[in-house]
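This report refers to the structure that appears directly beneath it.
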Amino acid sequence: MKNQVNEPNDSSFSDHLIKMAQRLLAETEVNHVLNVAMDEVIQISGAERGMIILFDTTGDILFETARNLEKQDINRPEFEISHTIINKVKKEQKPICLRNALQEPSLKDSASVSRLNILSVICLPLLHKSELFGVVYLDNRTVRGAFLPETFQFVERFTDFISVAAFSALERKQLVNHITALETELRNKYHFDAIIGNDLKIVDILKLVGQIAATDATVLIQGESGTGKELIARALHYNSQRKDNLFVPINCGALPENLLESELFGHVHGAFTGAIKDKVGLLEQADGGTLFLDEISEMSPVLQVKLLRVLQDGQYYRLGSTQTRQCDVRVISATNRELEIMVKQSSFREDLFYRLNVVDVKLPPLRKRRNDIILLIKHFLSTYGVKYNKKDLLLSLEAETLLLSYDFPGNVRELENIIHRAVVLAESQVIEVQQLPSNLQIQAANFSDKQKTSIFAMAKQQLIEKFERDYVIDCLKSTKGNITRAANVAGMDKKNLYSKMKKYSIKAITYK
Ligand SMILES: Nc1ncnc2c1ncn2[C@@H]1O[C@H](COP(=O)(O)OP(=O)(O)OP(=O)(O)O)[C@@H](O)[C@H]1O
Ligand SMILES: [Mg+2]
C-alpha cells in the first residue's frame, strides 16, 4: 500500500492527507481515534506491525492499540528492541525512521534485533504544546528499507493530526470523568441521607419529600431563612427522574420585574433597548429539569399571571415575541414569608398559590427542633473536620451547653457558620467557648450556675429521648413490627412499649 503515497509536493499528497485527517477527526472517543489512526497508518506505510500508545503525566500507559501485536507481546523480552526505540522517542521527543535496525550503532548489539530480524522501524512522538503524551510505532521484520522516505514523511504529517485528535479525545474523556465525579458528589450531597434531622417534624418532612421526589408535583417550601429550603429543593431534583437535566435556581426577589421576566422567559432581538440578540430564558434551560423559584413571594402580579400559564399548560412567550413556546419543567418554589397571609391580603394570587402549593413543605426553625442541634453539630464538625484536616474534633461541655441554649435566628445556616468558624480556629481537639462568636461568649459569661444546670439537664433529656426512639424503632425492625416480640426484646411490658410508640409517633406497620 505504500505505493499509494506520492511525493510531498504532489497535490494528491495533500488530498490524501486531508481525507485521512477528516476520517480521524470525526472520531471523538479515545479508543475509536486510536483504532482509526492505527488502521490508516498501517495501510499507508505497509508496516507489518503497529502500535499507538498514550501515556499519562507520570509516563504510565493510559491507552494503547496495536495491530499484529498482542498486549502480552509487549512485555516479552523479544520486544526489548521496540522498547528501546520507544523510550528513545519518549526521551528525545524526536521521530525515528530506521531503514535497517541491524546497522544502527546504538541497537545492533541488541540480541533481539538479529533474533527477530527487526529491520525497518518508524517511531513518532505524539505532542501537545511540545509535551509528549504518546507514540506511534511501526515496524517490519522481514523487509529491509520497507519505509521509503516519502512514506515516512507522509506518516509524520499524518501523526500531527493523530496528535490533535488523540489529545482532544483524551481531554474530552477527562472532562466527562470529571463531570461524572462531580455528579456523583452532587448526588451524595443532595441524597436524603445528607439532610440531617431526627426531630419528628423533620423525619415526617423527609418521608414526605422522599415520597414525592419521583413525581412531578409542584412543591412549595416555606421556612425561615437558613432552614434548608434550597437543600430540600435540590434533594427533590436529584432524587427525581429529572436529575440528569438541570436544576435552575432563580431568586425572584433579587431582580427588578422586567429583568426577571427576560431571565425567566428569554427575549428576542429588539424586544427592548439593549436586546441586541435573542436570549434563551431559564424556563428553556430548565427544560426536562427543575426550576427553583426562590423568594416567590417577591414576584410581581404581572409575572404571577405568566407563571400561572406555564404551570397550567407549559406555555409561555419570549419577551417581544408572539410565538408560543412549550416547556416541560417541574417548578419548586420557596419563601420565608407566610404566603397564605399574602393571599388573604390579596398581595399574592390565590390561583397561583394553589398551583404552586400542590405539596406543601413547612420547615421548622431550628429553635423548634432543638433535638437536632447536637446531631447537626456533629455533622458539621465532621464535614469541616475533613475539609480542614482536623479530625475527631469535639465541643467542650461548656461550648455545647451554650449552643444548646442559643436561639439561632439564622437557623441551620447560622449553626453551620459557627461550627465552620470554630473548626478553622480550633487549636486542639476540643473546641472551647472562646472559639465561638463573641455574642455567644457574652451570653456564656452571663449564665448563672442554675441556668447551666438546667441547660445541661435539657441536653441530657434530648439525648435520652433520641436513644429511646431509635431503640424502639430498632426493636420493631428486628421483629418485623411484631409488638409483643419487640416488647420482649426491649425488656419492657407491652403497655410501656405502646406508650413510647405513641410518644414518638412510631407505627408498627411501617416495619412489617
Ligand atoms: N437538615 C440539614 N442538614 C444538613 N445541612 C443543612 C440542613 N438544613 C440546612 N442545611 C445547610 O444549611 C445551609 C442553609 O440551607 P439553605 O440554603 O437550604 O437554606 P434556605 O432555607 O434556602 O435559606 P435562605 O432562606 O436564607 O435562602 C446550607 O449550607 C445547607 O446545606
Ligand atoms: Mg435559600
Side-chain angles (χ1 to χ4, degrees), residues 182 185-210 213 219-239 247-255 260 263 282 286 290-299 331-339 342 356-357 359-388 393 395 403-404 406-424 437 462 466:
L182 283 177
E185 196 184 314
L186 265 183
R187 272 193 200 129
N188 290 340
K189 187 166 174 196
Y190 297 115
H191 196 274
F192 289 126
D193 294 346
I195 304 176
I196 308 300
N198 245 330
D199 185 279
L200 293 179
K201 294 183 216 63
I202 286 289
V203 171
D204 285 347
I205 287 173
L206 287 179
K207 206 166 140 200
L208 169 76
V209 164
V219 183
L220 174 66
I221 309 170
Q222 303 192 64
E224 288 179 14
S225 175
T227 44
K229 297 185 292 295
E230 182 154 349
L231 182 66
I232 295 277
R234 286 185 187 267
L236 278 166
H237 172 76
Y238 287 105
N239 289 282
F247 174 88
V248 179
I250 172 122
N251 185 331
C252 305
L255 299 173
L260 178 62
E263 278 297 306
L282 296 180
T290 306
L291 180 70
F292 176 55
L293 298 169
D294 207 358
E295 293 195 34
I296 185 76
S297 54
E298 306 311 300
M299 189 176 264
V331 173
I332 300 180
S333 47
T335 176
N336 52 20
R337 296 181 59 184
E338 296 278 349
L339 220 49
M342 292 181 68
L356 291 173
N357 195 26
V359 179
D360 173 28
V361 172
K362 283 203 169 86
L363 287 172
L366 190 52
R367 63 183 173 281
K368 295 236 171 97
R369 51 174 181 121
R370 291 189 172 278
N371 285 348
D372 285 344
I373 296 177
I374 297 234
L375 220 57
L376 283 160
I377 291 175
K378 275 198 189 137
H379 170 72
F380 293 131
L381 276 179
S382 130
T383 311
Y384 289 106
V386 169
K387 187 166 174 192
Y388 294 99
L393 287 173
L395 284 181
L403 286 176
L404 282 170
Y406 183 59
D407 250 6
F408 293 102
N411 294 296
V412 185
R413 180 182 291 113
E414 188 179 9
L415 174 59
E416 180 173 358
N417 290 344
I418 291 174
I419 302 296
H420 185 173
R421 179 179 180 275
V423 171
V424 173
Q462 282 173 357
K466 177 178 157 12

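Predicted model only: the values in this text are computed from it and were never measured. When a ligand or atom number is given, it counts from 1 through the structure's own listing order. For this chain, numbers begin at 1 and follow the sequence in order.
Under the 4.0 Å criterion applied to side-chain N and carboxylate O atoms, Glu295 and Arg337 are not assigned as salt-bridge partners. The pair Arg369-Asp372 meets the salt-bridge criterion, with a side-chain N (NZ, NE, NH1 or NH2) lying under 4.0 Å from an Asp/Glu carboxylate O.
Tested against Leu366 for a side chain to side chain contact (heavy atoms under 4.5 Å, CB included), the candidates Thr227, Leu376, Asp407 yield a single pass: Leu376.
Checked by atom type and distance alone, the side chain of Asn239 never pairs as donor or acceptor with a backbone atom of Arg234 at under 3.5 Å. A donor-acceptor distance shorter than 3.5 angstrom exists from the side chain of Lys229 to the backbone of Gly223, with no hydrogens or angles considered. Formation of a donor-acceptor pair under 3.5 Å by the Lys201 side chain with backbone atoms of Lys368 is found in this model.
Among all non-hydrogen protein atoms, the one lying nearest atom 27 (O) of ligand 1 is Arg413 NH2, 3.8 Å. The protein atom (non-hydrogen) at minimum distance from atom 29 (O) of ligand 1 is Glu416 OE1, 2.7 Å. Looking at atom 25 (O) of ligand 1, its nearest protein heavy atom turns out to be Lys229 NZ, 2.6 Å. Scanning all protein heavy atoms for the shortest distance to atom 19 (O) of ligand 1 gives Gly228 N, 3.2 Å. Here the heavy atom of the protein found nearest to atom 22 (O) of ligand 1 is Glu230 N, 3.2 Å. In terms of protein heavy-atom proximity, atom 23 (O) of ligand 1 is closest to Gly226 N, 2.9 Å.
Set against the non-hydrogen atoms of Ile195, the atoms of ligand 1 under 4.0 Å away are 1 (N), 3 (N). Ligand-side atoms of ligand 1 in range of Phe380: 5 (N), range being under 4.0 angstrom from any heavy atom. Every atom of ligand 1 with a heavy atom of Ala194 under 4.0 Å away is listed here by number and element: 3 (N), 4 (C).
In this structure, the separation between CG on Leu200 and CG on Asn371 is 8.0 Å, given to the nearest 0.5 Å.
Note on ligand 1: Leu376 sits in its first shell, one or more heavy atoms being nearer than 4.0 Å.
Polar contact check, Ile196 against ligand 1: a nitrogen or oxygen pair lies under 3.5 Å apart. Considering backbone and side-chain N/O of Leu231, one or more are found under 3.5 Å from N/O of ligand 1. Annotation: Asn336 places no N or O atom under 3.5 Å from an N or O atom of ligand 1; distance criterion only.
One side chain, Glu224 or Asn411, offers a donor N or O that lies under 3.5 Å from an acceptor on the other.
Between His379 and Tyr384, the distance from one ring center to the other does not fall under 6.0 angstrom.
Distances from atom 9 (C) of ligand 1 to the heavy atoms of Val412, Leu363, Ile202 put Val412 nearest.
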